[in-house]
Amino acid sequence: MSMRTFKEKVVLVKDEAFCNCCGRKIVNEDFLEVEKEWGYFSSKDGEKISFDLCEKCFDKITADFKIKPQTGTVTEL
Ligand SMILES: [Zn+2]
């Protein structure tokens, strides 16, 4: 029997994150990070924006979507 090797998970840790929607500090929870560089075919050409959303606000916002976001299960390789 060969020895099992464990790969350590790399966790990206930000110093501090705040939900842009409700202003709550995000601690020890997963959240949505959005980064967007607006391109030529927009009125925001060259503008760069980023924001974070906590899970609650994400649920609130996506609940209003006409077409719901695609969901699936993450399969770890
Ligand atoms: Zn929030």
Side-chain angles (χ1 to χ4, degrees):
M1 276 277 177
S2 63
M3 266 181 45
R4 277 191 192 173
T5 48
F6 293 93
K7 271 186 188 170
E8 267 189 71
K9 272 192 188 175
V10 179
V11 182
L12 276 176
V13 181
K14 260 193 183 178
D15 283 355
E16 273 188 333
F18 290 88
C19 173
N20 281 72
C21 186
C22 67
R24 203 167 55 83
K25 191 174 176 181
I26 298 167
V27 186
N28 290 329
E29 59 190 286
D30 204 5
F31 60 99
L32 179 75
E33 273 183 284
V34 178
E35 258 188 50
K36 171 71 182 165
E37 273 177 47
W38 290 98
Y40 189 72
F41 295 102
S42 74
S43 55
K44 301 175 187 58
D45 187 16
E47 245 178 77
K48 199 176 165 183
I49 63 144
S50 64
F51 60 87
D52 299 329
L53 283 181
C54 72
E55 194 180 356
K56 257 191 186 165
C57 293
F58 171 83
D59 286 345
K60 236 188 332 194
I61 287 164
T62 55
D64 288 336
F65 283 6
K66 289 267 189 297
I67 300 167
K68 300 298 172 205
Q70 281 189 320
T71 56
T73 313
V74 180
T75 342
E76 276 187 72
L77 296 172

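Counting begins at 1 with the first residue of the sequence. Remember, it's 1-based here, ligands and their atoms both numbered in the order they're listed.
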Do you reckon Ile49 sits in the same ILVMFWY cluster as Leu32, going by side-chain contacts under 4.5 Å, direct or chained? yes
Taking all atoms of both residues into account, what is the closest heavy-atom pair of Asp52 and Phe18, and its distance? CB-O, 3.5 Å
Side chains of Leu53 and Cys19: closer than 4.5 Å at any heavy-atom pair? yes
Listed by chain and number, what are the side chain to side chain contact (heavy atoms under 4.5 Å, CB included) partners of Tyr40, not counting sequence neighbours? Asp45
Minimum heavy-atom separation for Thr62 to Lys68, with atom names? O-NZ, 3.6 Å
Using a 6.0 Å cut-off, check whether atom CG of Asp59 has over 12 heavy atoms from anything other than its own residue. yes
Atoms of type N/O/S from protein, distance to the Zn ion (ligand 1) below 2.8 Å: 4
